[in-house]
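In this text, all values refer to a predicted model and were calculated from it rather than measured experimentally. Quick note on labels: first sequence line is chain A, next is B, and so on, each numbered from 1. Computed over heavy atoms, backbone and side chain alike; hydrogens, waters and symmetry mates excluded.
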There are 2 protein chains.
Amino acid sequence: MVADHGLAGRESADELAKTVRESIQRLNRRIRQARPVGDLTFSQLSALTSLQLAGALTPRELADVERVQPPTMTKIVGKLEERGLVARTPHPTDGRQVILSATEQGQAVHAQFEKARNEWLASQLAALAPEDRETLAKASEILQKISRA
Amino acid sequence: MVADHGLAGRESADELAKTVRESIQRLNRRIRQARPVGDLTFSQLSALTSLQLAGALTPRELADVERVQPPTMTKIVGKLEERGLVARTPHPTDGRQVILSATEQGQAVHAQFEKARNEWLASQLAALAPEDRETLAKASEILQKISRA
DNA sequence: CAGGCTCATTAGCTAGGCTAAGAATCGTGA
DNA sequence: TCACGATTCTTAGCCTAGCTAATGAGCCTG
């Protein structure tokens, strides 16, 4: 139960949902803007990151992790493959499936862009009070859990 | 599994930036999925919300608030106008400018969709421990501040 | 071994984002 | 006063990202 007695700082789930949604939406847009022109897009970088974290995935698995539909992932992977950042290899036992993995170049490019991508946000975070960073770290964990639901 | 990685051992701003970015990105995508089909999109709802909060804005102002370029806002407003949710009225003194405002219908539709949009997230939040909600409330404030920078 | 299922891709659509360029209007300085 | 630069919005044209529906290849089970 949500035992909400209107205590100071205690918001209802509805109110909080609105607040959370607005804040992450704005920030998301703000971060998108900070991207270095002409290269990896947000979605491409994200897919590359997931691939690298997992080691290797099938398109279906990657689509699930990224929460998009398989055809969308086909497109994104296609772009990454064109640039030589991701390799498709056949599945050893199942002829339908494909194994995706980041190439060496993909890993290098990823590290470089990840850094640039985070630069703006990192500088903002560095300016915060330590306890605020603590709050954000905890909040991120909570949000991750929710996203997986 | 609240893997307490370095909360006590202080995360660097870089590490934290990565964590925060990933979590909000995933959640953003998750929320987008939860939208009721065939109606207002995320961007349209956001623009409508901003308009309503501000009362009335010019396209340029709305684009700034939403952090997109003016031509993008022209498109979004066009869609909203087609549906009769936003009205364009001429600026009283400056013939170049336009005043945008939410129509009565726009306000009604907004309220309804805002609710639906938040429903999934709200239900997730309701299931959290009170102190987790507290954390998210604080985190949202911090993120809002950052986004404005 | 036939039929049904799963996986990946292709085709085709919409929305959202951008830049470049245009038309209308404003305002200012000669 | 009026011509010219600046501002505002829109149009045109491009790309990415997302979706559904449909296709083809391969797996598996009765």
Side-chain angles (χ1 to χ4, degrees), chain A residues 25-26 28-48 50-51 56-83 85-101 113, chain B residues 25-26 28-48 50 56-83 85-100 113:
Chain A
Q25 178 178 346
R26 290 256 149 70
N28 217 24
R29 241 183 312 215
R30 188 70 181 71
I31 291 173
R32 256 171 211 270
Q33 285 188 317
R35 83 171 140 155
V37 277
D39 271 301
L40 285 188
T41 67
F42 211 63
S43 301
Q44 289 167 16
L45 180 58
S46 180
L48 188 53
S50 292
L51 254 188
L57 293 172
T58 67
R60 158 71 69 182
E61 287 166 341
L62 184 52
D64 285 347
V65 170
E66 292 291 308
R67 297 207 163 270
V68 298
Q69 294 303 308
T72 301
M73 194 45 69
T74 295
K75 277 191 194 177
I76 294 172
V77 168
K79 296 268 161 57
L80 291 172
E81 202 186 14
E82 273 176 22
R83 287 181 162 87
L85 307 180
V86 160
R88 281 182 168 98
T89 54
H91 191 287
T93 65
D94 189 335
R96 295 166 302 179
Q97 297 189 48
V98 176
I99 305 290
L100 303 173
S101 58
F113 275 85
Chain B
Q25 179 178 348
R26 290 254 151 71
N28 217 24
R29 242 182 310 214
R30 188 68 182 73
I31 292 173
R32 259 172 208 268
Q33 285 187 317
R35 82 173 140 151
V37 277
D39 271 303
L40 284 189
T41 67
F42 211 62
S43 301
Q44 289 167 16
L45 180 58
S46 180
L48 188 53
S50 292
L57 292 171
T58 67
R60 158 71 69 181
E61 287 166 342
L62 184 52
D64 285 347
V65 170
E66 291 291 306
R67 297 205 165 271
V68 297
Q69 295 302 307
T72 300
M73 194 43 71
T74 295
K75 277 192 192 177
I76 294 173
V77 168
K79 296 267 162 59
L80 291 172
E81 203 186 11
E82 272 176 22
R83 287 180 161 87
L85 307 180
V86 160
R88 280 182 167 98
T89 54
H91 191 285
T93 65
D94 189 335
R96 294 166 302 180
Q97 298 190 46
V98 176
I99 305 290
L100 303 173
F113 276 85

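Of the listed nucleotides (C:dA8, C:dC18, D:dC9), C:dA8 has the atom at the smallest distance from the side chain of A:Thr74. The nucleotide whose nearest atom lies closest to any side-chain atom of A:Val68 is, among D:dG18, D:dT16, D:dC9, D:dG18.
Recorded end-axis angle for the helix from C:dC1-D:dG30 to C:dA30-D:dT1 stands at 0°, based on five pairs per end and rounded to 10 degrees.
Using a 4.5 Å heavy-atom threshold, the side chains of B:Leu100 and B:Pro59 count as touching.
An OP1 or OP2 oxygen of D:dC9 is reached within less than 4.0 angstrom by no side-chain nitrogen or oxygen of B:Arg88. Applying the 4.0 Å criterion to OP1 and OP2 of D:dG18, one finds that A:Lys75 has every side-chain N and O outside that range.
Put simply, the side chain of A:Glu61 gets close to the backbone of A:Thr58: a donor and an acceptor are under 3.5 Å apart.
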Every protein N/O within reach of nucleotides 19-23 of chain C N/O, cut-off under 3.5 Å:
none

Polar-atom pairs under 3.5 Å, protein N or O versus N or O of nucleotides 26-28 of chain C: list them with distances, or write none.
residue : atom : partner : partner atom : Å
C:dC26  : OP1  : B:Thr93 : O            : 3.3
C:dC26  : OP1  : B:Gly95 : N            : 2.7

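Of the residues in residues 56-64 of chain B, none has a non-hydrogen atom less than 4.0 angstrom from any atom of DNA chain C.
Note: B:Arg88 CZ to B:Ile99 CD1 = 12.5 Å, rounded to the nearest 0.5 Å.
Scored by the side chain to side chain donor-acceptor pair (under 3.5 Å) test, A:Arg96 finds A:Asp94 as partners (sequence neighbours excluded).
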What side-chain donor-acceptor pairs closer than 3.5 Å can you find for residues 71-80 of chain A, not counting sequence neighbours?
residue : atom : partner : partner atom : Å
A:Thr74 : OG1  : A:Pro70 : O            : 3.2

